[in-house]
Amino acid sequence: MLGEVGAEDAAERFMGRALELAARAAAAGEVPVGAVLVRDGVILGEGWNCPIGGHDPTAHAEIVALRAAARAAGNYRLPGTTLYVTLEPCPMCAAAIIHARVAHVVFGATDPKGGACGSVFDLLPSDGRFNHRATCTGGVLAETCGAILRDFFRARR
């Protein structure tokens with residue numbers, strides 16, 4: 001996908017939107033992660049971290065975006081989609097991505113404590129035990145994505 005003409009610009013544009021959503025999470029006192037699910041250049045769903053405010057341990061940005069997209073599409077399967085997320089997905093989110101049949105994940109910052117796209121776990125791109133695999137591209141606007149997280153945690157200490 002990122003090899004296509006204009007795909008790099010689209011990745012930065014959608015990651016920019018995910019960063020706006022991450023800022024919403026930070027403003028609510030949540031870990032600043034945002035996610036946007038896109039098919040054919042159209043946003044199907046978006047979300048930001050809200051497990052604290054929502055009293056929901058599964059309310060990670062990716063899950064919120066997947067739920068919104070599934071409602072919009074009228075189907076829990078979301079083939080042909082790309083998920084843009086400011087932080088590398090965790091194992092829980094990776095499982096949801098697999099079950100939803102998301103085709104591609106583009107993330108900003110790596111998660112050295114629990115990333116599932118190769119940092120700690122390699123669940124999405126290459127775990128052959130699953131019946132679906134999503135390709136992953138990391139590092140899109142990585143410095144900006146990492147900075148919003150660093151700034152958030154620095155302010156809380």
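Residues meeting the salt bridge (charged side-chain N to carboxylate O under 4.0 Å, His left out) test with R156, sequence neighbours left out: none.
No donor-acceptor pair closer than 3.5 Å links the side chain of R77 to the backbone N or O of A70. No donor-acceptor distance shorter than 3.5 angstrom exists from the side chain of N49 to the backbone of A25, with no hydrogens or angles considered.
Contact record, I148 with P32: O-CG, 3.6 Å, taken as the closest heavy-atom pair. Nearest approach of P125 to C117, heavy atoms of both residues: CD-CA, 4.2 Å. Counting all heavy atoms, side chain and backbone alike, F14 lies closest to I43 at CE2-CG1, 3.8 Å. Summarising the geometry of G29 relative to I52, their closest heavy-atom pair is O-CD1, 3.9 Å, with the distance given to 0.1 Å. Closest heavy-atom contact between G47 and A61: O-CB, 3.7 Å. In terms of heavy atoms, L78 sits closest to T81 at O-OG1, 2.6 Å.
The salt bridge (Lys or Arg N to Asp or Glu O under 4.0 Å) pairs that include a residue from residues 130-145 are E143-R150, where partners are two or more places apart or lie in different chains. Among residue pairs with one or both ends in residues 41-60, none qualify as ring-ring contact (aromatic ring centres under 6.0 Å, His included); sequence neighbours excluded. Pairs engaging residues 39-65 under the salt bridge (Lys or Arg N to Asp or Glu O under 4.0 Å) rule: R17-E46, D56-R67 [sequence neighbours left out]. The salt bridge (Lys or Arg N to Asp or Glu O under 4.0 Å) contacts involving residues 99-121 comprise nothing, where partners must be two or more places apart or lie in separate chains. Contacts classified as side chain to side chain donor-acceptor pair (under 3.5 Å) and involving residues 88-97 (residues at least two apart or in different chains) are given here: E88-S119.
Between atom CG of residue L141 and atom CZ of residue R13 there is a gap of 12.5 Å, rounded to the nearest 0.5 Å. Distance check: F107 CZ to L124 CG gives 9.5 Å after rounding to the nearest 0.5 Å. Taken from CG in L21 to OH in Y84, the straight-line distance is 14.0 Å, to the nearest 0.5 Å. A distance of 10.0 Å separates OG1 in T82 from CG in L44, rounded to the nearest 0.5 Å. Expressed to the nearest 0.5 Å, how far CG of L37 lies from CD1 of I97 amounts to 9.0 Å. Atom SG of residue C145 and atom CG of residue L87 lie 8.5 Å apart, to the nearest 0.5 angstrom.
The hydrophobic clustering, which links ILVMFWY residues whose side-chain heavy atoms are closer than 4.5 Å, places I98 and F121 together. In this structure, V85 is a member of the same hydrophobic cluster as F153, with clusters built from ILVMFWY side-chain heavy atoms closer than 4.5 Å. A single hydrophobic cluster is not seen to contain both V36 and V64; linkage of ILVMFWY side chains at heavy-atom distances under 4.5 Å, directly or through other members, places them apart.
Contact check for H104 versus C136: no side-chain heavy atoms found under the 4.5 Å cut-off. At a threshold of 4.5 Å between non-hydrogen side-chain atoms, the residues L19 and T144 count as touching. Looking only at side-chain heavy atoms (C-beta outward), I63 and C93 come within less than 4.5 Å of each other. Considering only heavy atoms from C-beta on, V120 stays 4.5 Å or farther from P112 through its side chain.
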Could you walk me through whether V106 and L83 pass the side-chain contact (heavy atoms from CB on, under 4.5 Å) test, one step at a time? CA-CA 6 Å; V106 177; L83 180 68; over 6 Å; no
Could you go step by step and tell me if Y76 and L66 meet the side-chain contact (heavy atoms from CB on, under 4.5 Å) rule? CA-CA 8 Å; Y76 75 105; L66 289 170; over 6 Å; no
Apply side-chain contact (heavy atoms from CB on, under 4.5 Å) to the pair L149 and V33, showing each step before the final yes or no. CA-CA 8 Å; L149 288 160; V33 178; 4.3 Å; yes
